[in-house]
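Keep in mind that this is a model prediction, so the values were computed, not measured. A, B, ... follow the sequence lines: proteins, then strands. Residue 1 opens every chain.
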Amino acid sequence: AQSVTQLDSQVPVFEEAPVELRCNYSSSVSVYLFWYVQYPNQGLQLLLKYLSGSTLVKGINGFEAEFNKSQTSFHLRKPSVHISDTAEYFCAVSGPGAGSYQLTFGKGTKLSVIP
Amino acid sequence: GAVVSQHPSRVICKSGTSVKIECRSLDFQATTMFWYRQFPKQSLMLMATSNEGSKATYEQGVEKDKFLINHASLTLSTLTVTSAHPEDSSFYICSAGLGGGTEAFFGQGTRLTVV
């Protein structure tokens, strides 16, 4: 079984400051890792994903994440946030093969960017 | 990228009535689609896996007679909430996988309010 823990339910940060949203996972098999963003009353938009290869993954909107297998983490970072980054962020995990489309989500982190 | 369209985006219905939500893959065929439910300020919970041409697979605790899933074609899955009650009010999101890929694509979600 897989699980995802997002350590912070809410993260307030001032505009143009850096931010890190933390995500830890557990799985008995190799995993695929994802970060999604959700704006109010909307679906999910993929920010970035880790499948294999380089552990530093760059995504859209200036976000990046680093896969750390020894710490089972996949933290999301952005060096300078904008007001428009205010949203809910979800970390998710899936497995290879037939289960790769079935995601297990963390509880989400609400990022609030303060002007 | 692949597009998944969900309709309606918002619906209000009376208690005791049934509501149908559609999930369409617009530019690809999806043999498997997934239905998630999101409670306010919480994460997405997988309800069921919809398989084209066969019965859906429900997660533990999900009432299959209340949440009817039909996947009649390779581009359409429907979720029908039968005899809806206020506790069924929630945000429902579908996703579909592009065959051979590793990423699931999400619909825009449906906000169901039962009054």
Shared hydrophobic cluster for [X] and [Y] (ILVMFWY, side-chain gaps under 4.5 Å):
| X | Y | answer |
| --- | --- | --- |
| I83(A) | V37(A) | yes |
| F67(A) | I60(A) | yes |
| M33(B) | L68(B) | no |
| L76(B) | F105(B) | no |
| V4(B) | L112(B) | no |

Residue pair Q102(A) / F34(B): nearest heavy atoms and the distance that separates them: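 Closest approach of Q102(A) to F34(B), heavy atoms only: CB-CE2, 3.6 Å.
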
Minimum heavy-atom distance between F91(B) and Q38(A), given as atom pair plus value: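 F91(B) and Q38(A) have their closest heavy atoms at CE2-NE2, 3.5 Å.
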
Donor-acceptor contact present, side-chain S43(B) to main-chain G106(A), <3.5 Å: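 Indeed, once roles are kept as given, a pair shorter than 3.5 Å links the two residues.
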
Part of T49(B) within contact of chain A (heavy atom distance under 4.5 Å):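 Contact with chain A involves the side chain of T49(B) alone.
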
Proximal component of I93(B), with respect to chain A [non-hydrogen, under 4.5 Å]: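 The answer is the side chain of I93(B).
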
Point-to-point distance, once rounded to the nearest 0.5 Å, from CG of L44(A) to OH of Y36(B):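 If I round to the nearest 0.5 Å, the distance is 9.0 Å.
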
Interatomic distance, K107(A) atom NZ to M45(B) atom CE [nearest 0.5 angstrom]: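 Here the interatomic distance stands at 9.0 Å.
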
Contact check, side chains of F106(B) and L103(A), non-hydrogen atoms, under 4.5 Å: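 Yes, side chains in contact.
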
Enclosure of K55(B) NZ (heavy-atom neighbours >12, cutoff 6.0 Å):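 Check fails, neighbour count at 12 or below.
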
Neighbour count above 12 (heavy atom, 6.0 Å) for H85(B) NE2: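 Yes - once you tally the heavy atoms of other residues, nucleotides and ligands closer than 6.0 Å, there are more than 12.
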
Derivation and outcome, side chain to side chain contact (heavy atoms under 4.5 Å, CB included), residues Q38(B) and F105(A): CA-CA 11 Å; Q38(B) 186 179 26; F105(A) 287 89; over 6 Å; no

